[in-house]
Novice: 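Before we start, here is the structure in question, set down as structure tokens.
Chain identifiers are assigned alphabetically (A, B, ...) following the order of the sequence lines, protein sequences preceding nucleic acid strands; residue numbering begins at 1 within each chain. Keep in mind that what you see is a predicted model, and the values were worked out from it rather than measured.
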Amino acid sequence: MKVRTRFAPSPTGYLHIGGVRTALFCWLFARRHGGQFVLRIDDTDQQRNVEQALEPILEGLRWLGIDWDEGPEVDGPHAPYYQSQRQSRYQQAVEQLLAGGHAYYDYARTEEITAEREAAQQEKRQFVYSRRWRARSDEDAQRFEAEGRQRVVRLLMPREGTLVIDDLVRGRVEFAWASEQDHVVQRTDGSCLYHLASVVDDHDFEISHVIRAEEHLSNTPRQAFIAQSLGYDLPQYAHLPYVAEPGSRNKLSKRKLEKYLKNKDFKTLAELGEQIAARIGLATSAETFNPVIVDFYREIGFLPEALVNYLLLLGWSLDDKTETFSREEMIAQFSLERVNRAPASFDPAKLLAFQQRYMQQLSVEQRATFVRPWAELGKLISTPASEKERARLQKVVTAAGDRLRVGGDILDYEEFFTEDDKLAYDEKAFEKRIRKPDDAALLLRELAAALAGVEPFSAPEVEAAVRAFIEQRGIKIGQVIHALRVAATGKAVGCGMFETLEILGRDSTLTRIERALAQL
RNA sequence: GCCCCCUUCGUCUAGUGGCCCAGGACGUCGGGUUCUCAGCCCGAAAACAGGGGUUCGACUCCCCUAGGGGGUACCA
């Protein structure tokens with residue numbers, strides 16, 4: 001059988017971390033079996049500009065390398081892939097259901113249905129619609145209409161027997177038909193509802209495997225009924241567990257940011273993002289820029305491969321030890337059988353650890369290239385960067401080494417790019433390392449003199465000179481290096497001191513030391 | 001209320017009746033390396049939701065309870 005999967009986002013304006021995990025699994029399954037991955041847009045009740053609200057979602061998928069064979073932009077043999085453009089097809093399906101006796105016109109008022117439901121609940125029994133306002137004949141219909149009633153189309157659900165679904169993740173799941181409702185498939189205004197649309201589309205698009213979030217498991221019976229009534233073969237179903245909040249089993253939602261911010265790791269990530277956004281002048285709002293949204297990671301400089309690898313392991317595992325998967329490996333190894341049935345909570349700390357791991361695997365050249373856009377956006381260097389700036393950037397990236405976790409971290413190293421007379425000092429560090437120690441100023445002055453003659457001004461030579469200096473005076477390196485760091489970089493922490501000085505060069509180093517001493 | 005799904009260290013997970021006084025990873029804690037911070041290395045603490053069965057033997061099978069999630073919409 002030809003494997004075809006689909007991901008069906010609503011154009012909401014952003015791509016949620018849970019949603020993209022579902023998309024990834026659909027995509028992996030299709031690729032694993034040499035099939036196709038289809039993108040369908042569920043915009044049945046969208047009033048706003050769909051194109052605009054869709055773009056961030058497509059952008060997110062593209063960034064992560066989740067490519068679609070059919071759907072928006074690429075089209076395909078079953079176009080259009082927008083539900084809003086397929087209403088006439090759904091209308092046709094409704095008529096087919098009616099003609100086949102699988103659905104009926106119903107004239108009940110909302111209050112009447114509600115009353116029946118509440119009565120059932122009072123008696124603690126399953127609610128089943130009495131079908132009192134079902135039009136069994138034209139005469140019924142005319143009579144109801146004469147009463148000023150409006151009609152909807154309801155499913156004529158079976159009242160006995162069971163439906164067995166062999167879910168690829170859950171296993172065998174049984175539903176009693178009697179506990180299903182006569183769901184509405186077409187509204188009073190003639191528009192069709194999601195479940196009908198979804199079933200029709202899955203059939204028309206020849207979807208073989210419906211891989212979707214767990215919240216749809218309970219919706220499967222009505223969809224299966226629609227499909228069967230329309231004479232369609234049922235697709236294979238696979239219901240994925242939802243992605244939970246950090247440190248809890250509750251479902252991850254974009255609306256509970258306040259709560260997530262109380263989680264230490266989530267907060268750390270969120271703050272990292274805010275800092276970077278501020279430095280590159282990115283206007284952010286909690287709505288669209290936070291660790292629950294995929295775009296966040298792209299903006300602050302995560303590697304897509306790291307996010308994908310992390311997401312892969314959120315609810316899936318190959319065995320008891322394999323954690324790193326290349327794109328090819330995950331495609332070759334992915335299987336729905338190994339999807340966990342329990343919800344997996346989103347762990348920002350572990351995601352960051354994956355990012356760090358992937359960053360470490362890049363060569364210095366790759367890392368410098370990757371990081372450059374942030375250096376440009378943050379005005380550390382010009383846009384586009386000159387050859388000279390690129391060369392310096394690469395040196396800084398080398399010196400920073402593993403300190404660069406995400407692309408935006410390069411913004412922590414502005415001291416390498418600012419002019420000597422504009423270097424800012426961390427006041428606390430300056431106080432502690434230069435102003436307060438009695439001998440700091442003197443040592444710094446003498447050290448500057450020693451450094452003046454170092455030739456060439458390279459890390460090993462500078463280090464040799466500093467070591468000779470302290471040995472000569474019988475002091476420890478700590479007594480001079482901290483002051484030197486603050487004078488040269490304005491900060492208490494940073495890259496290796498000697499590499500730092502080499503990058504700055506003799507002139508800047510000496511100028512900066514002098515300037516620091518002048519501040520006293 | 002009714003129906004369905006889920007439950008192993010804080011977190012992601014391995015485990016399909018004996019290999020498990022439960023393994024790996026992230027995080028945490030302690031130590032080492034060191035000019036700071038990272039990184040790296042070594043080590044430690046940390047879990048089978050609870051209760052009943054079945055069995056010579058249960059993390060693994062069955063039942064109940066609790067907790068979490070979903071559906072019960074003219075939402076998707």
Side-chain angles (χ1 to χ4, degrees), chain A residues 8-10 12 42-45 83 106 110 113-114 117-118 120-128 150-154 165 167 169-170 173-176 178-181 183-189 191-195 197-198 213-222 239 241-242 244 246-251 264-265 310 313-323 340-354 356-357 360 400-405 409 412 429 433 463 466 470 476-482 484-486 489 491-498 500:
Chain A
S10 290
T12 51
D42 283 12
D43 57 348
T44 46
D45 69 349
Q83 291 195 327
D106 184 66
T110 312
I113 295 280
T114 309
R117 184 180 299 113
E118 281 170 0
Q121 214 174 97
Q122 291 266 309
E123 295 166 38
K124 301 195 178 185
R125 64 177 166 78
Q126 169 76 51
F127 161 63
V128 182
Q150 291 186 304
R151 70 180 191 191
V152 296
V153 175
R154 280 186 191 277
I165 296 290
D167 190 283
V169 171
R170 315 261 138 193
V173 184
E174 287 187 28
F175 299 89
S179 56
E180 294 299 320
Q181 305 301 319
H183 297 285
V184 172
V185 289
Q186 186 170 38
R187 300 182 179 95
T188 309
D189 68 4
S191 61
C192 293
L193 276 92
Y194 166 78
H195 295 290
S198 186
E214 182 189 11
E215 64 207 65
H216 285 293
L217 182 58
S218 302
N219 295 330
T220 306
R222 70 180 92 159
H239 289 93
Y242 61 91
S248 112
R249 282 284 202 223
N250 296 332
K251 192 177 171 183
K264 182 171 71 65
D265 300 325
Y310 171 74
L313 265 11
L314 200 57
W316 181 86
S317 67
L318 176 65
D319 53 32
D320 59 341
K321 43 183 70 77
T322 316
E323 284 224 312
N340 221 70
R341 282 201 276 264
S345 73
F346 173 63
D347 183 350
K350 188 148 187 170
L351 170 54
L352 195 57
F354 269 97
Q356 225 162 328
R357 211 178 287 175
Q360 285 174 359
D402 293 342
R403 294 173 188 82
L404 295 175
R405 292 122 73 223
D409 277 339
D412 284 338
R433 298 302 190 187
E463 174 160 12
V466 172
I470 59 170
K476 291 212 174 123
I477 196 163
Q479 285 175 260
V480 70
I481 207 156
H482 300 299
L484 179 59
R485 179 183 301 283
V486 175
T489 69
K491 296 176 179 175
V493 298
C495 306
M497 196 67 259
F498 310 115
T500 297

Novice: Starting from C1' on B:G71, measure out to CD on A:E215 and report it in whole angstrom.
Specialist: 10 Å
Novice: Does the side chain of A:R485 pick up a donor-acceptor pair with the side chain of A:T489 at under 3.5 Å?
Specialist: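 A:R485 vs A:T489: no donor-acceptor pair found between side chains.
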Novice: Quiz question: going by heavy-atom distance under 3.5 Å, is there a donor-acceptor pair between the base of B:C5 and the side chain of A:R170?
Specialist: no
Novice: So, is A:N340 close to the B:C12 phosphate, meaning a side-chain N or O under 4.0 Å from OP1 or OP2?
Specialist: no
Novice: As a test of reading the structure: which of B:C74, B:C5, B:G27 is closest to the side chain of A:E214, going by heavy atoms?
Specialist: B:C5
Novice: Return the value, rounded to whole Å, for the distance between atom CD of A:E118 and atom P of B:G1.
Specialist: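 After rounding, the reported distance stands at 15 Å.
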Novice: Do A:R154 and A:I113 have side chains that approach each other closer than 4.5 Å (heavy atoms only, starting at C-beta)?
Specialist: yes
Novice: Please pick, from B:G24, B:C12, B:A76, the nucleotide with the shortest atom-to-atom distance to any side-chain atom of A:L314.
Specialist: B:C12
Novice: Classify the side chain of A:R403 and the base of B:C37 as holding, or not holding, a donor-acceptor pair under 3.5 Å.
Specialist: yes
Novice: Please report the distance separating the P of B:G23 from the corresponding atom of B:A14, rounded so that it comes out in whole Å.
Specialist: 15 Å
Novice: Please state whether the phosphate of B:U36, meaning OP1 or OP2, lies under 4.0 angstrom from any side-chain nitrogen or oxygen of A:R485.
Specialist: no
Novice: Please state the C1' separation for the pair B:A22 and B:G69 - nearest whole angstrom.
Specialist: 27 Å
Novice: Quick one: is A:R249 getting a side-chain N or O under 4.0 Å of the B:U8 phosphate, OP1 or OP2?
Specialist: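 Yes.
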Novice: Tell me whether the side-chain N or O atoms of A:K350 pair up with the base of B:A25 as donor and acceptor below 3.5 Å, since no angle test is needed here.
Specialist: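 By the distance-only test, yes, there is a pair.
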Novice: Verify the contact: side-chain N or O of A:R357 to OP1 or OP2 of B:G39, cut-off strictly under 4.0 Å; return yes or no.
Specialist: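 A:R357 to B:G39 OP1/OP2: no side-chain N or O under 4.0 Å.
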Novice: Nearest whole Å is fine: how far is B:C4 P from A:F175 CZ?
Specialist: 8 Å
Novice: Check this for me: does the side-chain of A:S218 come within 3.5 Å of the base of B:C3 through a donor and an acceptor?
Specialist: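 Not at all, since no donor on one side and acceptor on the other fall under 3.5 Å apart.
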